[in-house]
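What follows is a short report on a single structure.
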Number of protein chains: 2
Amino acid sequence: MIDKSLLTGSTTMLILKLLDETNMYGYQMIEELREKSNNTFELKAGTLYPLLHILEQKKMLTSYEETADNTRVRKYYSITKTGRKHLQEKKEEWKIYTAAVNNLLGGASFGTI
Amino acid sequence: MIDKSLLTGSTTMLILKLLDETNMYGYQMIEELREKSNNTFELKAGTLYPLLHILEQKKMLTSYEETADNTRVRKYYSITKTGRKHLQEKKEEWKIYTAAVNNLLGGASFGTI
DNA sequence: CTATAATATATAGAACATCTATATATGTCA
DNA sequence: TGACATATATAGATGTTCTATATATTATAG
């Protein structure tokens, strides 16, 4: 099984990216991430919910409750302007970092194309 | 300034990669990583030295002391077979993870291995 | 119709990686 | 000779994610 420790820290960016597309509730984010990553990401509920609370405190998200057909109450989250700004920054960092790692992993081997 | 938290967990892989090319001592690894990444990675001594001890405990590295011209003693590290195996695994994980993140972010993979 | 699984959110405590701060010692350069 | 770079090391703090647990509702299998 794949060791998740390689990329800890990218969770916030991924959550913001999901919400940049459409409003979602927590449980849905876990499913979306799993599906869209072909089971590579299996974000745990115990990780997500506290993180959502923190992102709301930091004004990156706002939330509202909505009752589905049945009566099950879901807590939907929406990205704010601050959240979008943060997402852009994280995406830039991501580009720089992965480029640096890939350069290190692939570089220094003269003679290969 | 760039937030390092995006990629915590990749340090071990990078150390193993450096040592896969040539034996090195700790202080040298910090410099190499900084130079080869255009100052993107600034690994701290307080992070590196304990990590090297752990990797040696796990039989991924072996060490030997060597005195330079002057008399300054340096502790050189060498990667083991176990370490190379671990490096290969981490590189595979790295590919899978970055591909998954890039896919989620909107396609377009940055950099190549 | 009832037990179990899935849906949905939440928190406490543990684990782990990295950081800052600090300590020690030697070598180099102004 | 004082400051700075080299070189290694550890303690304690911080931050992120995990496991375990709790609660409540809805859907489904037996």
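Just the heavy atoms: all of them, side chains too, but no hydrogens, waters or symmetry mates, feed the values below. The sequence lines fix the lettering, A, B, ..., with proteins before strands; numbering per chain opens at 1.
Taking atom CD of residue B/E42 and atom C1' of nucleotide C/dT20, one finds them 15 Å apart after rounding to whole Å. A/K90 has its NZ atom 12 Å from the C1' atom of D/dT16, to the nearest Å. Here D/dT16 presents its P atom at 17 Å from CZ of A/F41, a figure rounded to the nearest Å. One interatomic measurement links the two molecules: CD of B/E66 to P of D/dT6, which rounds to 19 Å at whole-angstrom precision. As rounded to whole Å, 15 Å separates atom P of C/dT7 from atom CG of A/L48. Rounded to an integer number of Å, the gap from B/L33 CG to C/dT18 P is 12 Å. Rounded to an integer number of Å, the gap from CG of A/L43 to C1' of D/dC18 is 11 Å. A/M13 has its CE atom 14 Å from the P atom of D/dT16, to the nearest Å.
The existence of a salt bridge linking B/E21 and B/K36 is confirmed by a sub-4.0 Å separation between a basic side-chain nitrogen and an acidic carboxylate oxygen.
Of the residues listed (B/E56, B/K58, B/Q57), the one engaging B/M60 in a side-chain contact (heavy atoms from CB on, under 4.5 Å) is B/K58, and it is the only one. The side-chain contact (heavy atoms from CB on, under 4.5 Å) test with A/V101 singles out one residue from A/N103, A/L105, A/L104, and that residue is A/L105.
Side-chain rings of B/Y64 and B/Y77 stay apart, their centers remaining 6.0 Å or farther from each other.
Aromatic ring pairs are classed by plane angle as parallel below 30°, tilted from 30° to 60° and perpendicular above 60°; the pair A/Y25 and A/Y76 is perpendicular.
Note on A/T11: every side-chain N or O is 4.0 Å or more away from OP1 and OP2 of D/dT16.
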Under 3.5 Å between N/O atoms: give me all the protein pairs with nucleotides 8-12 of chain C, atom names plus distance.
{"residue": "C/dA8", "atom": "OP1", "partner": "A/R74", "partner atom": "NE", "Å": "2.6"}
{"residue": "C/dA8", "atom": "OP1", "partner": "A/R74", "partner atom": "NH2", "Å": "2.3"}
{"residue": "C/dA8", "atom": "OP2", "partner": "A/Y25", "partner atom": "OH", "Å": "3.0"}
{"residue": "C/dT9", "atom": "OP1", "partner": "A/K75", "partner atom": "N", "Å": "2.8"}
{"residue": "C/dT9", "atom": "OP1", "partner": "A/K75", "partner atom": "O", "Å": "3.4"}
{"residue": "C/dT9", "atom": "OP2", "partner": "A/G26", "partner atom": "N", "Å": "3.3"}
{"residue": "C/dT9", "atom": "OP2", "partner": "A/Y27", "partner atom": "N", "Å": "2.7"}
{"residue": "C/dT9", "atom": "OP2", "partner": "A/Y49", "partner atom": "OH", "Å": "3.0"}
{"residue": "C/dA10", "atom": "OP1", "partner": "A/K75", "partner atom": "NZ", "Å": "3.0"}
{"residue": "C/dA10", "atom": "OP2", "partner": "A/H53", "partner atom": "NE2", "Å": "3.0"}
{"residue": "C/dT11", "atom": "OP2", "partner": "A/H53", "partner atom": "ND1", "Å": "3.2"}

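Taking every heavy atom of both residues into account, A/I79 and A/L16 meet most closely at CD1-O, 3.6 Å.
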